[in-house]
Amino acid sequence: MMQISESNNQRHSLFSAMNRFIGAVNNMDQTVMVPSLLRDVPLEYEEKDEVNNAVVLTGGNGAASYLTDRDMYSYYVLLKSIRNDIEWGVFQQGDDKKKEKLSTAVDKCRLDPEEEDENLQKQFHFHLSGLHTVLSKLTRKANTLTNRYKQEIGIGSWGQ
């Protein structure tokens, strides 16, 4: 089967970002054979920050984030849940009430059609950019979790 390489524009598409995320979570899911081993294991490595006298967590990509109460297991469950939401959709109870509140709010602040269209386009681009950023971060988390799991069980150099 011939694979088509992604062009630079396709690489930045939402569809590609979702596919990368789903692929990373699928890889994580296939690698993690015993999810309970992930409990109470921090996702990143701990290092001491001498300047702020705080514990700093650094992931495989070198990015630092300050200590949170999440362990690898909670990230594992979160990433799988988000993957399922992307693949199967999100069922929300009370949709009718939300639509009613939204339509009431829209009625109160009616704009002329040209301003409304421009506003919708700005909102769309804002949310699209945010979604792409979040998916990229989640993909990195899934890859970091997979690599940390391999290190924890002693197969860190396999498949590289």
Side-chain angles (χ1 to χ4, degrees), residues 1-33 35 38 41-45 56-151 156 158-160:
M1 184 167 127
M2 186 175 142
Q3 289 185 345
I4 301 172
S5 64
E6 290 182 341
S7 72
N8 194 30
N9 290 338
Q10 288 174 325
R11 188 173 187 281
H12 296 290
S13 77
L14 180 60
F15 184 71
S16 294
M18 286 190 301
N19 281 334
R20 282 191 298 275
F21 170 71
I22 289 170
V25 174
N26 287 343
N27 182 39
M28 175 193 74
D29 203 19
Q30 291 172 356
T31 302
V32 176
M33 297 306 218
L38 302 173
V41 178
L43 181 59
E44 293 90 358
Y45 297 107
V56 176
L57 301 177
T58 54
N61 61 2
S65 60
Y66 285 88
L67 184 62
T68 63
D69 59 352
R70 290 193 176 235
D71 60 3
M72 285 177 59
Y73 183 78
S74 63
Y75 276 113
Y76 176 81
V77 171
L78 174 73
L79 292 165
K80 285 184 61 167
S81 173
I82 293 171
R83 179 198 56 192
N84 288 340
D85 289 346
I86 289 172
E87 290 180 332
W88 301 103
V90 180
F91 176 73
Q92 296 177 350
Q93 294 178 343
D95 262 353
D96 294 335
K97 291 179 184 177
K98 288 180 184 178
K99 286 179 186 176
E100 190 176 301
K101 287 180 184 177
L102 182 62
S103 67
T104 304
V106 169
D107 288 339
K108 288 180 181 177
C109 61
R110 279 283 176 202
L111 302 171
D112 67 55
E114 191 173 301
E115 284 182 31
E116 188 175 349
D117 290 343
E118 185 177 311
N119 190 29
L120 287 174
Q121 185 178 13
K122 286 179 183 177
Q123 287 179 13
F124 173 75
H125 285 285
F126 174 78
H127 289 291
L128 182 65
S129 175
L131 185 56
H132 192 279
T133 300
V134 168
L135 284 169
S136 296
K137 288 179 181 179
L138 290 170
T139 301
R140 284 193 298 274
K141 286 285 189 195
N143 290 332
T144 301
L145 191 145
T146 302
N147 292 334
R148 272 299 309 274
Y149 178 80
K150 287 179 180 179
Q151 290 174 351
W158 288 15
Q160 292 181 2

Would you give the length of the straight line joining atom [atom1] of [X] to atom [atom2] of [Y], rounded to the nearest 0.5 angstrom?
| X | Y | atom1 | atom2 | answer |
| --- | --- | --- | --- | --- |
| His12 | Leu128 | NE2 | CG | 12.5 Å |
| Lys137 | Thr144 | NZ | OG1 | 13.5 Å |
| His132 | Leu14 | NE2 | CG | 7.0 Å |

Any [X] side-chain heavy atom under 4.5 Å of [Y] side chain:
| X | Y | result |
| --- | --- | --- |
| Lys141 | Leu78 | no |
| Leu138 | Leu79 | yes |
| Asp29 | Tyr76 | yes |
| Arg20 | Leu135 | no |
| Ile82 | Phe21 | yes |
| Met28 | Tyr149 | no |
| Leu145 | Val32 | yes |

Quiz item: Would the number of heavy atoms belonging to other residues, nucleotides or ligands and lying under 6.0 Å from CD of Gln121 be above 12?
Solution: no
Residues Pro42 and Arg148: closest non-hydrogen pair is O-NH1, 2.9 Å
All heavy atoms of Ala24 vs all of Thr139, minimum pair found to be CB-CG2, 3.9 Å
Looking at Ser129, is its backbone amide N or carbonyl O close enough to the side chain of Thr133 to form a donor-acceptor pair, meaning the two atoms are under 3.5 Å apart? yes
Just by distance, do the side chain of Thr31 and the backbone of Asn27 share a donor-acceptor pair under 3.5 Å? yes
Determine, step by step, whether Ser74 and Asp71 satisfy the side-chain hydrogen bond (donor to acceptor under 3.5 Å, both in side chains) criterion, reporting the C-alpha distance in whole Å, the side-chain angles of both residues, the deciding distance to 0.1 Å, and the verdict. CA-CA 6 Å; Ser74 63; Asp71 60 3; 3.2 Å; yes
